[in-house]
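Everything on this sheet refers to the single structure shown next.
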Amino acid sequence: MPGIPDTREQVADPGSAFQIVTMLQGVVERGTGKVVQAVGKPIAGKTGTTNNWRDAWFVGFTPDLAAGVYIGYDDPDSLGDDETGGHVAAPVFRDFMIAALQDAPATAFRTPPGMRLYRVSAATGLPAGAGEAAIYEAYKPGTEPGKNRDRGLRSEPSEEEMPIASTGATEGATAPMALPRRGPPATGTGGLY
C-alpha cells in the first residue's frame, strides 16, 4: 500500500492541542459530561447550556470521530429548569457514539513528543501527596508543577517578579506575580462562556 504524505499546514502547536484534549477528557471523566463514560472508549468533549436553559449541547470526539448534539427550540424558549447540556444533550451523544463505535477498537489520543503527564491534586492542581485524590494533567517541558508557568510570556520581568532579596527578604525568593488587568470585552459573548 503506498504511503500518502501529510502535506497539510500545521495550524496549532501539538503540545497545546494535547493539553486541551486532556482537559476535555476531564469533562467526560469527572465533569458535566460524565454520562458519556458509558461509551467505554477514550473520548473528550464539552457540555454547554445557555441562560434560562434555552439551548443545550454536547460536542465531543475520539481520535477518529467527532460529533455534536444540539437541543433547543426553533423559536427560543426554555427547555425547562435544569435542562443542561449534561442532562439532555450528552445522553444523545453517548447513545450515538456507542452505536457508531460499536465495532471500533478503543484508540487512545496520541501524546506528542516531549509532553509528560504529572499526578496532581484534584483539588488544587499542585503535585499530589500520597493518598490524596489526584488526576493526571499534561505539561510541556519546563512548565510542570513547581516551575515558573509564566515562562516566556513577557520579554522582561515586572517589578512583582524581581527577586525579593533586594528588599531584604529571603534570598532567591520571588514576589507574587500580579495578573494583568483587562478591560471589558469589545465584542463577543462578554466572557460568559
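None of these values were measured; they are calculated from a predicted model.
With rounding to the nearest 0.5 Å, the separation of CZ in Phe109 from CG in Asp64 is 9.0 Å. For the atom pair Phe61 CZ and Gln25 CD, the distance stands at 7.5 Å (nearest 0.5 Å). Expressed to the nearest 0.5 Å, how far CD of Glu29 lies from NZ of Lys34 amounts to 10.0 Å. The OG1 atom of Thr62 sits 5.0 Å away from the CE atom of Met97 when rounded to the nearest 0.5 Å. Note that OG1 of Thr111 is 6.0 Å distant from CG of Leu117, once rounded to the nearest 0.5 Å. Atoms CZ and CD1, from Arg30 and Ile135 in turn, are 4.0 Å apart once rounded to the nearest 0.5 Å.
Leu101 and Phe58 fall within the same hydrophobic cluster, defined by Ile, Leu, Val, Met, Phe, Trp and Tyr side-chain heavy atoms under 4.5 Å apart, directly or through other members. In the hydrophobic cluster analysis, where Ile, Leu, Val, Met, Phe, Trp and Tyr join through side-chain heavy atoms closer than 4.5 angstrom, Val59 is grouped apart from Val69. Note on Val39 and Leu24: separate hydrophobic clusters, where clusters join Ile, Leu, Val, Met, Phe, Trp and Tyr whose side-chain heavy atoms are under 4.5 Å apart, directly or indirectly. Linking Ile, Leu, Val, Met, Phe, Trp and Tyr whenever their side-chain heavy atoms come within less than 4.5 Å puts Val35 and Phe93 in one cluster. Grouping the Ile, Leu, Val, Met, Phe, Trp and Tyr side chains by contacts below 4.5 angstrom, directly or via other members, places Trp57 apart from Ile71.
Remark: Arg119 CZ is packed, more than 12 non-hydrogen atoms of other residues, nucleotides or ligands lying under 6.0 Å away. By the 6.0 Å contact criterion, OH on Tyr136 is open, its count of non-hydrogen atoms from other residues, nucleotides or ligands being 12 or less. Within a 6.0 Å radius of CG in Asp75, no more than 12 heavy atoms belonging to other residues, nucleotides or ligands are found.
Formation of a donor-acceptor pair under 3.5 Å by the Gln10 side chain with backbone atoms of Ala12 is found in this model. Using a distance-only test at 3.5 Å, with no hydrogens or angles considered, a donor-acceptor pair links the side chain of Asp6 to the main chain of Arg8. Between the side chain of Thr22 and the backbone N or O of Glu137, no donor-acceptor pair lies under 3.5 Å. Put simply, the side chain of Thr50 gets close to the backbone of Asp55: a donor and an acceptor are under 3.5 Å apart. Remark: the backbone N or O of Leu126 is not paired with any side-chain donor or acceptor of Ser121 at under 3.5 angstrom.
For the residue pair Thr47 and Thr32, a side-chain donor N or O sits within less than 3.5 Å of a side-chain acceptor on the partner.
Contact detail for Pro112 and Pro14: the closest heavy-atom pair is CG-O, 3.4 Å. In this structure, His87 and Asp82 approach most closely via the heavy-atom pair ND1-O, 2.9 Å. A pairwise comparison of heavy atoms in Gly15 and Lys140 identifies C-CE, 3.8 Å as the closest pair. Summarising the geometry of Ala138 relative to Gln19, their closest heavy-atom pair is O-NE2, 3.2 Å, with the distance given to 0.1 Å. Of all non-hydrogen atoms in Leu79 and Gly72, the two that sit nearest each other are CD2-CA, 4.0 Å. Nearest heavy atoms, Ala128 versus Val120: CB-C, 3.6 Å.
Listed by chain and residue number, Leu65, Ala67, Ala100 satisfy the side chain to side chain contact (heavy atoms under 4.5 Å, CB included) test with Phe96 (two or more places apart in sequence, or in another chain). With sequence neighbours left out, the ring pair (Phe, Tyr, Trp, His ring centres under 6.0 Å) criterion links Tyr118 to Tyr139. Legend: residues meeting ring pair (Phe, Tyr, Trp, His ring centres under 6.0 Å) with Phe18, ordered by chain and number and at least two apart, are absent.
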